[in-house]
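Only one structure is covered here, and it is reproduced in the block below.
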Amino acid sequence: MPSLTRDGEVWILHLDADDENRFHPFWLDSIEAALDKVESADGPRAMVTAGSGKYWSNGLHLDWLVGHTERMDTYLDRVHHLFARTLASPVITVAAINGHAFAAGAMWALAHDVRLMRRDRGYLCLPEVDIDLPFTPGMSALIRSRLTPAAAHQAMTTGHRYGGEAAFAAGIVDGVADADGLLAAAMELARPLAAKAKPTRAQIKETLYAETLAALRAPSAVV
């Protein structure tokens with residue numbers, strides 16, 4: 001399960017190195033509890049979401065969904081809520097993408113304020129076109145709000161796999177780093193922005209992303 005540590009103003013949300021970090025309901029419980037703790041902390045604060053090993057996150061837990069199809073709408077609402085909560089958070093969020101970030105995992109990375117990706121290994125990919133899973137309106141709105149039209153079109157309609165350098169060139173991530181320096185680089189970006197974690201920042205993001213947040217917060221209807 002994910003865990004939370006702190007280094008001064010920077011909280012580090014450590015994703016599980018022994019799993020693909022798929023969005024199992026219990027995994028979501030742990031993430032939501034970590035966000036509660038960070039958001040309720042006093043003073044300047046920022047959060048780095050850091051993976052290790054092969055995966056950052058592979059997104060929806062499809063095996064769980066196969067056995068719980070009657071809970072699809074409720075599950076998607078919860079995933080959308082995670083995206084909206086991250087996107088609108090007053091806390092500076094930095095995704096330190098150590099490995100593969102696929103599908104809903106890539107979307108959660110996009111909901112972070114800043115994304116750094118490992119330079120030499122791992123892909124960021126939206127493979128829905130290849131696995132016949134259409135994007136929900138909320139997912140589509142999130143992707144379009146965080147990528148250029150050209151990058152969104154390529155990523156969503158071709159399932160292109162972006163390595164770190166290609167993702168940086170397309171504006172999908174904000175920088176790349178070697179594996180050994182990825183977490184430190186993410187913390188270096190996060191720390192000077194920690195003082196901006198104020199209610200006003202949340203209000204600004206609510207208006208900046210008003211249409212996207214409305215789409216993510218609307219009740220899901222499986223398409």
Side-chain angles (χ1 to χ4, degrees), residues 13 15 21-23 27-28 31-32 34-35 38-39 47-49 51 55-62 65 72-97 100-117 123-162 167-168 170-174 201-223:
L13 177 55
L15 304 181
N21 293 308
R22 290 184 180 269
F23 296 178
W27 188 90
L28 289 171
I31 295 294
E32 290 163 355
L35 295 181
V38 174
E39 290 174 1
M47 187 184 78
V48 172
T49 306
Y55 297 96
W56 191 79
S57 173
N58 250 355
L60 302 184
H61 201 297
L62 299 180
L65 280 172
M72 175 75 79
D73 285 351
T74 301
Y75 176 79
L76 287 178
D77 283 343
R78 194 172 181 190
V79 171
H80 288 162
H81 179 263
L82 173 62
F83 295 163
R85 183 175 185 179
T86 305
L87 184 65
S89 177
V91 177
I92 297 293
T93 55
V94 180
I97 306 171
H100 299 319
F102 272 54
M107 296 177 215
W108 187 37
L110 290 176
H112 286 65
D113 291 304
V114 182
R115 288 160 300 287
L116 290 183
M117 192 168 175
Y123 292 105
L124 190 149
C125 178
L126 299 172
E128 280 74 6
V129 68
D130 295 317
I131 58 177
D132 295 324
L133 284 177
F135 296 96
T136 66
M139 291 173 177
S140 181
L142 171 63
I143 297 163
R144 289 184 290 109
S145 73
R146 299 294 280 147
L147 299 183
T148 66
H153 178 88
Q154 182 182 47
M156 296 175 74
T157 66
T158 73
H160 184 74
R161 296 187 177 195
Y162 297 87
F168 180 50
I172 297 172
V173 300
D174 302 283
R201 185 170 187 273
Q203 293 170 0
I204 290 170
K205 295 177 83 178
E206 286 285 343
T207 54
L208 177 63
Y209 295 109
E211 295 83 2
T212 300
L213 292 169
L216 286 170
R217 290 165 177 164
S220 293
V222 176
V223 293

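Along the sequence shown, residues carry numbers from 1. Computed over heavy atoms, backbone and side chain alike; hydrogens, waters and symmetry mates excluded.
Looking at residues two or more places apart in sequence or on another chain, you find a salt bridge (Lys or Arg N to Asp or Glu O under 4.0 Å) between R22 and E20. Applying the salt bridge (Lys or Arg N to Asp or Glu O under 4.0 Å) rule to R161 yields no partners; only residues at least two apart in sequence or on another chain are considered.
Just one of N58, I31, L15 meets the side chain to side chain contact (heavy atoms under 4.5 Å, CB included) condition when paired with N21; it is L15. The only member of L110, L76, L216, L133 that meets side chain to side chain contact (heavy atoms under 4.5 Å, CB included) when paired with M139 is L76.
Once rounded to the nearest 0.5 Å, the distance linking CE of M156 with CD1 of I143 reads 4.0 Å. Rounded to the nearest 0.5 angstrom, D174 CG and I172 CD1 are separated by 11.0 Å. Between Y75 atom OH and L28 atom CG the span is 6.0 Å, to the nearest 0.5 Å. For the atom pair R144 CZ and E211 CD, the distance stands at 10.0 Å (nearest 0.5 Å). Taking OG1 from T157 and CD from Q154, the interatomic distance works out to 7.5 Å, rounded to the nearest 0.5 Å. To the nearest 0.5 Å, atom CG of residue L82 and atom CH2 of residue W27 are 6.5 Å apart.
Taking all atoms of both residues into account, the shortest heavy-atom contact from I204 to T207 is O-OG1, 2.8 Å. Taking each heavy atom of P127 and A103 in turn, the nearest pair found is CD-N, 3.5 Å. Looking at every heavy atom in both residues, A151 comes nearest to Y162 through O-OH, 3.9 Å. The two residues I97 and A109 make their nearest non-hydrogen contact at CD1-CB, 3.9 Å. Nearest heavy atoms, A106 versus A101: CB-O, 3.4 Å. Between G105 and S57 the shortest heavy-atom distance is CA-OG, 3.5 Å.
Under the 4.5 Å side-chain criterion, counting only non-hydrogen atoms from C-beta, W56 is in contact with T49. Looking at heavy atoms from C-beta onward, L126 lies out of side-chain contact with H160 at the 4.5 angstrom threshold. Using a 4.5 Å heavy-atom cutoff, the side chains of V48 and L13 are not in contact. Contact of the L213 side chain with the E206 side chain is registered, since non-hydrogen atoms from C-beta on lie closer than 4.5 Å. Residues F102 and Y123 meet the side-chain proximity criterion, which asks for heavy atoms closer than 4.5 Å. Residues D77 and R217 fail the side-chain proximity criterion, which asks for heavy atoms closer than 4.5 Å.
Ring geometry for F23 versus W108: interplanar angle over 60°, hence perpendicular rather than tilted (30 to 60°). Taking the six-membered ring where tryptophan is involved, the planes of F83 and H80 are tilted, since the angle between them lies from 30° to 60°.
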Chi angles and distances behind the side-chain hydrogen bond (donor to acceptor under 3.5 Å, both in side chains) call for S89, R85: CA-CA 6 Å; S89 177; R85 183 175 185 179; over 6 Å; no
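In the model, T86 has no side-chain atom that pairs as donor or acceptor with a side-chain atom of H112 under 3.5 Å.
Side chain of S145 to backbone of L142: a donor-acceptor contact under 3.5 angstrom is found.
Salt-bridge formation is not detected for the pair R201/E39: no Lys NZ or Arg NE/NH1/NH2 atom is positioned less than 4.0 Å from an Asp or Glu carboxylate oxygen. Using a 4.0 Å cut-off between charged nitrogen and carboxylate oxygen, D113 and K205 count as a salt-bridge pair.
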